[in-house]
Amino acid sequence: MKYDFAAIEQKWQEKWEKAGVFHAADHSDKPKFYGLVEFPYPSGAGMHVGHIKAYSGLEVVSRKRRMQGYNVLFPIGFDAYGLPTENYAIKTGIHPREVTDRNIARFTQQLKRVGFSFDWDRVVDTTEEKYYKWTQWIFLQMFEKGLVFRDTALVNYCPSCKVVLSNEDSQGGKCDICKSDIVQRSKDVWYLRITAYADRLLDGLETVEYPGNIKMQQVNWIGRSTGAFVNFGISGSDEKLRIYTTRPDTLFGVTFMVIAPEHPLIEKNRDRITNMDALEAYRAECAKKTEFERTQMNKDKTGVRIEGLCGIHPITGKQIPIYISDYVMMGYGTGAIMAVPAHDERDYAFAKKFGIDIIEVIRGGNVEKEAYTGEGEMVNSDFLNGISGKKESIARMIAELEKLGVGEEGVQYKMKDWAFNRQRYWGEPIPIVHCPTCGMVPVPYSELPLRLPAMENFAPGEGGESPLAKVESFVHCKCPRCGGAAKRETDTMPQWAGSSWYFLRYIDPLNEDALADPEKLRYWLPVDWYNGGMEHVTRHLIYSRFWHKFLFDLGVVPTDEPYAKRSAQGLILGPDGQKMSKSRGNVIDPLSVVDEFGADTLRVYILFMGDYGAAAPWSESSMRGCKRFLDRIVGLADTAKGNGVTSKNLESAFHRTIKKVSADIEEMKFNTAIAAMMELLNEIDKAGSVTVDEVKTLVSLLCPFAPHVCEEIWEKLGGQGLCSLAAWPVYDEAKTVSDTVEIAVQICGKLRAVVEMPTAASREEIAALAKADARVVAALEGKTIVKEIVVPGKIVNLVVK
RNA sequence: GCGGGUAUGGCGGAAUUGGCAGACGCGCUAGAUUCAGGUUCUAGUGGGGGCAACUUCGUGGAGGUUCAAGUCCUCUUACCCGCACCA
């Protein structure tokens with residue numbers, strides 16, 4: 001039966017808003033549930049079906065929790081600083097503030113039309129002064145604790161966006177925002193010392209409930225390796241060349257050393273090196289390549305030997321040639337390696353190309369043919385000879401190095417410190433003053449927020465200078481320490497800043513004295529369940545864990561980890577099975593679906609499409625099936641008569657469905673939860689009649705998925721109050737089992753009959769009933785049973801000869 | 001190259017973790033209702049064989065374990081995702 005979804009949806013959205021049913025209470029005797037979804041970037045394109053899927057999962061969980069009597073915090077906000085808005089503003093001349101406000105208003109309206117149960121009184125916007133005041137406050141706290149520093153570095157620069165990008169934003173050598181090629185530039189940039197938290201970010205993973213693949217990605221991203229630092233000598237000098245290796249056990253197999261082209265050793269020894277021309281030519285060649293190109297050419301090794309300098313082996317004292325090559329990176333370890341060609345594939349390729357000796361120190365392979373990286377007995381290795389455990393030889397070698405004072409155990413991370421700046425307008429100003437006498441001075445806390453100045457032209461300056469540098473009144477200031485003339489920092493923070501702590505602000509969005517009240521933080525934290533996209537697993541998720549741990553150390557937040565549990569939704573693909581994109585023209589607009597089929601249908605379909613965590617293509621006809629389901633539910637309500645239960649069988653089906661839907665929601669198996677309700681509806685149709693009580697139960701189960709139509713039916717059936725606040729149905733385990741059960745009877749593993757028998761039958765009774773079935777009797781004709789397998793409730797298998 | 005994942009009808013996907021493969025939905029076929037249908041209802045729908053009861057094959061491929069395998073083991077193929085000269 002078709003229903004007027006447009007009228008119903010508007011009616012109930014208004015009622016919910018008026019009654020404030022989705023407001024979280026700050027203090028409550030109820031158990032709390034904090035469900036968090038990744039807040040959107042309010043782009044000009046408006047909402048995407050992907051947003052709906054991303055929010056629908058915890059929307060259902062949150063609605064279920066409310067019905068279960070929890071005090072639920074399910075907030076939403078806007079991560080509104082960022083380049084697309086700024087670029088749009090530059091193009092159109094409309095101020096980013098105005099663009100942002102407009103986009104937020106549009107998103108808000110769209111989200112409300114889908115009927116999400118967000119607490120709209122707690123909306124945060126990262127670009128508001130009252131919000132970014134605290135982003136700046138956290139930055140200054142980090143500055144005070146020595147976690148903020150400046151360094152000259154080769155940075156990824158996007159010539160199109162005119163902005164310095166982090167490694168994370170320039171993966172694959174392309175700008176994450178505009179997809180143009182990245183070039184390398186030398187620049188003074190801000191860093192956050194996230195590596196200081198590397199171990200804790202790793203160890204903390206043990207204490208949280210994240211899916212295995214997310215943990216794995218974070219572990220790989222942090223990339224901890226243990227090994228040793230070893231100091232090699234330099235011929236004719238008391239200088240040391242320090243290297244990092246994970247295989248100190250192979251130290252006797254070293255036949256050459258390699259340093260990165262940018263390694264300072266070369267500059268320091270200019271006068272002693274006899275082939276500077278060749279080295280500089282090679283360096284110039286490398287500088288032309290982006291980091292991406294450098295890492296792409298991973299097989300063909302190039303390099304130049306440094307003439308006039310030699311390494312000295314720390315134990316044998318042997319002279320060792322040193323090369324420069326771009327297969328060694330300045331950014332990892334010490335920018336220098338000891339090369340053991342016999343047992344490392346890269347060193348092997350290099351040695352073959354340059355005709356360098358290969359010394360086997362671990363037996364087990366054929367070093368004439370290829371590098372051997374496995375384990376084996378140590379040879380040619382002095383005091384290590386005869387040992388065959390890698391662990392033991394490494395430990396012995398490290399002990400020896402420490403005894404001789406030429407090395408020690410060490411740990412390295414792939415993760416680099418976080419380049420924390422943008423030369424753009426639409427971001428949080430970095431609250432630092434550069435004073436000619438005092439150096440870098442933080443803006444006093446009392447002067448926060450340091451406001452983003454009004455500007456007419458926010459196009460970036462040539463050469464990557466921030467547009468803020470053009471605002472004289474902003475730049476020129478007095479040094480907060482000495483009172484002398486000084487200049488403000490003009491860089492702004494990167495887009496990941498505001499999103500690194502937004503979940504804390506939801507807890508107390510209007511607080512003017514603290515980022516949030518400690519009492520409230522203690523009540524709500526940690527976030528019980530956080531859902532978001534896989535694309536944020538290595539950036540946002542690590543950054544925000546880092547900030548949270550820092551705030552924990554400050555005593556600002558009560559938990560070491562911000563998120564107790566994390567899940568991720570899969571993409572919605574276009575009807576053609578391809579990723580949705582404007583250029584492919586396969587984008588589905590959620591609001592046009594709401595117009596045509598209603599918000600409830602959209603919500604049910606998106607969760608019914610398939611595994612919540614997997615990608616699935618859009619199918620309009622499949623969605624129509626969900627509409628049909630809701631229409632049938634509406635029709636069912638009209639035929640409901642009387643109270644109590646219709647029949648024992650149907651009662652049992654209800655209890656089974658309550659059990660399944662309850663459990664499936666907890667595991668985000670929304671597709672099978674909906675399928676179970678469809679099955680129940682089919683059962684009811686078969687039974688031919690249904691009571692008002694039963695329909696109310698079904699509608700309560702469906703309410704988190706399709707809340708508008710459920711409220712309407714609930715009201716029509718005389719339900720108390722709102723369906724959204726009704727008690728979540730409970731099931732009786734005893735009633736989930738029906739009296740009889742169908743048992744499959746196999747003979748030699750082949751299905752021969754299906755026999756209905758009492759659920760309570762004993763093994764013997766089951767076997768007897770099975771053997772009494774006419775078809776089984778026929779099949780057993782002339783055979784002898786050699787084995788009987790009886791699995792109560794499931795199957796009987798008779799093995800015959 | 002390393003790490004992780006996936007593979008089931010015409011399609012999206014189920015399968016209580018070793019126990020009737022294909023739930024649920026779409027699509028399709030036939031019939032009914034309707035002036036009409038992108039409506040609604042009824043029945044059917046994995047492949048082959050048979051009028052039928054029934055029978056046989058069947059979860060990317062090849063082996064294996066088991067009374068019993070989509071599920072466990074070995075090998076293999078294809079695709080997807082992440083990292084990528086990390087010393």
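The sequence lines fix the lettering, A, B, ..., with proteins before strands; numbering per chain opens at 1. Just so it is clear, the model here is predicted, and its values are computed rather than measured.
- Between the CZ atom of A:F608 and the P atom of B:G12 there is a distance of 14 Å, rounded to whole Å.
- Nearest to the side chain of A:T245, among B:A87, B:C67, B:G25, sits B:A87.
- Comparing the same atom, P, in B:C67 and in B:G60 gives a spacing of 24 Å after rounding to whole Å.
- Note that A:R242 lies in the cation-pi zone of A:F229, set by a 6.0 Å cut-off to the ring centre and a 45° limit from the axis.
- Applying the 90° cutoff around 0 to the glycosidic angle, B:G5 is assigned anti.
- Between B:G3 and B:A68, the distance separating the two P atoms is 35 Å to the nearest Å.
- Side-chain to base pairing of A:N220 with B:C83: no donor and acceptor N or O lie closer than 3.5 Å to each other.
- Taking atom CG of residue A:D664 and atom C1' of nucleotide B:A23, one finds them 12 Å apart after rounding to whole Å.
- Taking atom CD1 of A:I322 as the reference point, atom P of B:A87 lies 21 Å away to the nearest angstrom.
- Scanning atom types as modelled, one donor and one acceptor separated by under 3.5 angstrom connect the side chain of A:K301 and the base of B:C85.
- The base of B:G38 sits with one of its N or O atoms less than 3.5 Å from a complementary donor or acceptor on the side chain of A:R624.
- Pair assignment for B:C35 gives none, since no Watson-Crick or G-U wobble pairing has each distance under 3.5 Å.
- Taking the six-membered ring for Trp and the full ring otherwise, A:F256 and A:F354 have centroids separated by 6.0 Å or more.
- A:D773 places its CG atom 14 Å from the C1' atom of B:C20, with the value rounded to the nearest Å.
- The listed nucleotides are B:G3, B:G13, B:C20; the one nearest the side chain of A:M216 is B:G3.
- As judged by a 4.0 angstrom heavy-atom cut-off over every strand, A:K579 is placed among residues making no nucleic acid contact.
- Only the C1' atoms considered, B:G12 is 35 Å distant from B:G1, to the nearest whole Å.
- Comparing B:U66 with B:C73, their C1' atoms are spaced 12 Å from each other, to the whole Å.
- Within the 6.0 Å centre-distance limit, the rings of A:Y327 and A:F350 are counted as a close aromatic pair.
- Across all strands shown, B:C75 forms a Watson-Crick or G-U wobble pair, both distances under 3.5 Å, with B:G61.
- Comparing A:M678 and A:I337 along RNA chain B, the residue whose closest nucleotide (by nearest heavy atom) sits nearer the 5' end is A:M678.
- Note on A:K750: only backbone sugar-phosphate atoms sit closer than 4.0 angstrom, heavy atoms only; bases stay farther off.
- B:U39 shows a glycosidic angle more than 90° from 0 and is accordingly assigned anti.
- Within the shown strands, nothing qualifies as a pairing partner of B:C20 under the Watson-Crick or G-U definition with both distances less than 3.5 Å.
- Between A:N213 atom CG and B:G82 atom P there is a gap of 12 Å when expressed in whole angstrom units.
- The nucleotide B:G1 finds its pairing partner in B:C83, both defining distances of the Watson-Crick or G-U wobble pair being shorter than 3.5 Å.
- Within the structure, a side-chain polar atom (N or O) of A:N682 is placed less than 4.0 Å from OP1 or OP2 of B:G25.
- The P atoms of B:C41 and B:G4 are separated by 49 Å, rounded to the nearest whole Å.
- Candidate nucleotides B:C24, B:C26, B:G19 were compared by shortest atom distance to the side chain of A:R628, and B:C26 ranks first.
- Annotation: B:C11 and B:G46 have their P atoms spaced 14 Å apart (nearest Å).
- A:N531 and A:Q569 are linked by a side-chain donor-acceptor pair at a separation below 3.5 angstrom, with hydrogens and angles left out of the test.
- Under the 6.0 Å distance and 45° angle rule, A:K660 does not count as a cation-pi partner of A:F654.
- Using a 4.0 Å heavy-atom distance criterion, A:N797 is classed as a base contact.
- Comparing B:U8 with B:G70, their C1' atoms sit 7 Å apart, to the nearest whole Å.
- A:D664 is not listed as a side-chain neighbour of A:F670, based on a closest heavy-atom distance of 4.5 Å or more.
- Rounded to a whole Å, the CE atom of A:M623 is 14 Å from the C1' atom of B:G12.
- Closest to the side chain of A:E679, out of B:G12, B:A23, B:A14, is B:A23.
- Of all nucleotides listed (B:A87, B:U56, B:A68), B:U56 comes nearest to the side chain of A:R752.
- With 3.5 Å as the limit, one finds a donor-acceptor pair spanning the side chains of A:E38 and A:H536.
- Evaluation of atom-type donor-acceptor distances gives a pair under 3.5 Å for the side chain of A:E620 against the base of B:G38.
- Nearest heavy atoms, A:M415 versus A:L201: CE-CD1, 4.3 Å.
- If you measure from atom CZ of A:F705 to atom P of B:G25, you get 16 Å, rounded to the nearest angstrom.
- Pairing for B:A14 is absent, judged as Watson-Crick or G-U wobble with the two contacts each under 3.5 Å.
- Spacing between atom CZ of A:R775 and atom P of B:C20 amounts to 16 Å, rounded to whole angstrom units.
- Test A:I588, A:I606, A:T601 against A:V593 for side-chain contact (heavy atoms from CB on, under 4.5 Å) and you get one pass: A:I588.
- Among the nucleotides B:C20, B:G3, B:C83, the one closest to the side chain of A:K414 is B:C83.
- Side-chain proximity of A:V328 to the nucleotides B:C26, B:C20, B:A87 is greatest for B:A87.
- Across all strands shown, B:A30 forms a Watson-Crick or G-U wobble pair with B:U42, both key distances being under 3.5 Å.
- Look at A:Y332 and you'll find a side-chain N or O under 4.0 angstrom from OP1 or OP2 of B:A87.
- Here B:C85 is the nucleotide among B:C20, B:C85, B:U16 with the atom lying nearest to any side-chain atom of A:D326.
- RNA chain B is contacted by both A:K660 and A:C626; A:K660 maps to the nucleotide lying nearer its 5′ end (nearest heavy atom per residue).
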